[in-house]
Amino acid sequence: MLDIRFSRALQVMLFLAVAAENGSGPLSSADLAHRLNANPSLVRKLLVPLTDEGLVVCVKGRTGGARLGRQAERITLAEIYRCAVGDKPLFAPSPGVEPVCSVTAHGGEYFAALTAEAEEAVLESLGDRTLADSVGELRRLCTGHARQD
């Protein structure tokens, strides 16, 4: 099963970034959940690490909700990714097996090095993109689809 926490956290952050651009107030977890077609408790769980890292500010109460903790231009996708997945590696190794040949003796070590390199490349790519870049890309995609209709 693929982990969807990054995808969901990114969507939450995109909603908050668009709301900030539009001058809207904070978005409630119920509103975000409705937009994601998800449960508000899932949204609140996603917001906790984003809030802990200062990417989001949450205000409690009837008129409260979530808003960006800093400008979208100053939030990288790598930060959102790390908040969403924590220390969970991008790839999981298979369980160890009895070392009876070079593959079983060193396959795990090779896989660990290979996947560490791949994860570093993913994080580097995400670190080069900001939340503001992502909002701009979404707008370009929307414009492209509108022309095709």
Kindly say whether S24 contributes a backbone atom to a donor-acceptor pair with the side chain of N22 at under 3.5 angstrom? no
Apply the test side-chain contact (heavy atoms from CB on, under 4.5 Å) to residues L126 and V122: give CA-CA distance (whole Å), side-chain angles for both, the deciding distance (0.1 Å), then the verdict. CA-CA 6 Å; L126 294 174; V122 167; 3.9 Å; yes
With a 4.5 Å limit on heavy-atom distance, are the side chains of C58 and V56 in contact? yes
Hey, are the side chains of L123 and R82 touching, using non-hydrogen atoms and a 4.5 Å cut-off? yes
Can you tell me how far apart CZ (R74) and CG (L68) are? Round to the nearest 0.5 Å. 11.5 Å
Going by heavy atoms in the side chains, are L50 and M13 under 4.5 Å from each other? yes
Check: T130/D133 side-chain N/O donor and acceptor closer than 3.5 Å: yes
Checking Q11 against R35 for the side-chain contact (heavy atoms from CB on, under 4.5 Å) test, could you report, in this order, the C-alpha distance in whole Å, the side-chain angles of both residues, the deciding distance, and whether it holds? CA-CA 9 Å; Q11 288 175 318; R35 293 173 188 217; over 6 Å; no
Is there a side-chain contact (heavy atoms from CB on, under 4.5 Å) between R70 and L55 once you walk through the steps? CA-CA 6 Å; R70 58 183 192 252; L55 304 182; 3.4 Å; yes
Please evaluate residues L36 and R8 with respect to the criterion side-chain contact (heavy atoms from CB on, under 4.5 Å), reporting the C-alpha separation (whole Å), side-chain torsions for both, the decisive distance (0.1 Å), and the verdict. CA-CA 8 Å; L36 287 170; R8 292 298 183 121; 3.6 Å; yes
Under-4.0 Å salt bridge between E21 and R139: yes
Would you call V12 and L16 a side-chain contact if the rule is heavy atoms closer than 4.5 Å? yes
